[in-house]
Protein chains: 2
Amino acid sequence: MGKGEATRERILEVAEAAVLAKGFGATSIEEVIAEAGLTKSGFFYHFRDKNALAREMVRRYVDTNDRLFDEIFERGRQLSDDPLQAFLISLKLLAEVMADLPNGHPGCLIASICYQERLFDREVRDLTAQSVRDWNARFRGIFEGIAAVYPPKEAVDLDDLADMLSCIVDGAIILSKTLNDPRRLERQILIFRSCVKLMFSGPALS
Amino acid sequence: MGKGEATRERILEVAEAAVLAKGFGATSIEEVIAEAGLTKSGFFYHFRDKNALAREMVRRYVDTNDRLFDEIFERGRQLSDDPLQAFLISLKLLAEVMADLPNGHPGCLIASICYQERLFDREVRDLTAQSVRDWNARFRGIFEGIAAVYPPKEAVDLDDLADMLSCIVDGAIILSKTLNDPRRLERQILIFRSCVKLMFSGPALS
DNA sequence: GAAAAACTGTACTCGCGGTACGGATTGCTG
DNA sequence: CAGCAATCCGTACCGCGAGTACAGTTTTTC
């Protein structure tokens, strides 16, 4: 890794924290470079403008989360051959990871951008939309595997169920941030886990 | 209502739309007064500074939602004496209201503020936190009424379940905004409804 | 019709985001 | 070690928008 790449990474890390705390529009380049330890010229050497920064931030955020999901759901599959059990294990792992974050979850960058859509160009918005679609497709694949073994009780749409996980996480992040209570995120993942258990492994309805 | 009050209302309405589209930090007073049709002097006659605007915006938003919830859950109780049925009806009404919004849900002001916490004084943040607590207390009360009649299957914490509704709505708003698909909000409320049904009215587990 | 409320107009300060560009430094490469 | 490219610094500058000050004008209300 060249020195330039390390600097870029440092800028992106600082910028992401700032954006999650005060929003993209209110995040000044000056404060970012102050904390990252370089000058304004140095910043604009790496990023053409603020929107280029946003693009790279999103890419970085999506990549990081993709790797996290890969690891968590792969680990679940390692620990059980049953698709439902594997998923339930993964959800518990996910809850643990979220609970172990030192100062609570710093926030979802996609959610932050969503609430400031007008500030970004189409490329950034397309990136966020695609990442959401990708994550939901991943979850949907998992639920398909489960439904093949455990026919769901209610007529539940697997797409909606996949969406639901994203919703719960994003919503719970907001909840825990607003109430300043990090544990709420963990608990929401676990209650979603209970819902999944009920839907697939409970006794047949009607 | 005096004329001043009407102007304040107009300012707040315009400002809320702008904040939900681009964030508080990126919302300039100048554009607000331009759209509201008054001058800067007029604005500062009504609001001491930008934080005063934020305070009143939150108050207005919370009041509006309180009234909406009052109406929806009251109507559910009118349509069924059974607490579970009443709630399920109300959820369907809520889903309908959300689906009937002309351009999709404009966004949750509390979520927007949550992702820009550093921009606001403690008073605003306390307001948002209290509103979330109040809403969850309302939902919790409903679930207590339901659980008294229908003992829940799993060992489910009613506080978590109450939180879950807020999470679903906030998360689904983000989802529908990001994907530009308003219907997803409606569907998430309905799938949450299915979860509630499963938890309380399904046959006993184990 | 008088007092109070609800604005308008203008003119200004001031900080900061953002840009431009030339120069310095560092690091790799032959 | 020479030299070129990548990396970063200094500085000067523009423009916008928050906020202030204050005097005048219209509108509402009693």
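Given the structure is predicted, the values throughout are model-derived calculations rather than measurements. By convention in this document, chain letters (A, B, ...) are assigned in the order of the sequence lines, proteins followed by strands, and residues within each chain are numbered from 1.
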[X], nearest nucleotide to its side chain (from [options]):
{"X": "A:Lys40", "options": "C:dG18, C:dC7, D:dG10", "answer": "C:dG18"}
{"X": "A:Phe44", "options": "D:dA18, C:dG9, C:dT19", "answer": "C:dT19"}
{"X": "A:Tyr45", "options": "D:dC9, D:dA6, D:dG19", "answer": "D:dA6"}

Rounded off to whole Å, could you give me the [atom1]-to-[atom2] distance for the [X] and [N] pair?
{"X": "B:Arg48", "N": "D:dT20", "atom1": "CZ", "atom2": "C1'", "value": "13 Å"}
{"X": "A:Ile11", "N": "D:dT7", "atom1": "CD1", "atom2": "C1'", "value": "11 Å"}
{"X": "A:Ile29", "N": "C:dC16", "atom1": "CD1", "atom2": "C1'", "value": "11 Å"}
{"X": "A:Phe24", "N": "C:dG18", "atom1": "CZ", "atom2": "P", "value": "8 Å"}
{"X": "B:Phe47", "N": "C:dC7", "atom1": "CZ", "atom2": "P", "value": "11 Å"}
{"X": "A:Glu5", "N": "D:dC8", "atom1": "CD", "atom2": "C1'", "value": "17 Å"}
{"X": "A:Phe43", "N": "C:dT19", "atom1": "CZ", "atom2": "C1'", "value": "13 Å"}
{"X": "A:Glu30", "N": "D:dG10", "atom1": "CD", "atom2": "C1'", "value": "14 Å"}

Could you check B:Gly37 against A:Glu31 and say which one's nearest nucleotide on DNA chain C is further toward the 5' end?
B:Gly37
DNA chain C: A:Gly25 or A:Ser41, which has the more 5' nearest nucleotide?
A:Gly25
Do B:Ile11 and B:Arg8 have side chains that get closer than 4.5 Å, going by heavy atoms?
no
Do the non-hydrogen side-chain atoms of B:Cys108 and B:Tyr61 ever get within less than 4.5 Å of each other?
yes
Examine B:Phe47 together with B:Phe43 and report whether their ring centres are nearer than 6.0 Å.
yes
B:Phe200 and B:Phe87: aromatic ring centres closer than 6.0 Å?
no
So, is [X] close to the [N] phosphate, meaning a side-chain N or O under 4.0 Å from OP1 or OP2?
{"X": "A:Lys50", "N": "C:dG18", "result": "yes"}
{"X": "A:Thr7", "N": "D:dT7", "result": "no"}
{"X": "A:His46", "N": "D:dT7", "result": "no"}

Is it the case that C:dG17 (base atoms only) and A:Ser28 (side chain only) share a donor and an acceptor within less than 3.5 Å, ignoring hydrogens and angles?
no
What nucleic acid atoms does A:Thr27 come within less than 4.0 Å of, heavy atoms only: base, sugar-phosphate, or nothing?
nothing
So, A:Trp135 and A:Asp66: side-chain donor and acceptor under 3.5 Å apart, yes or no?
yes
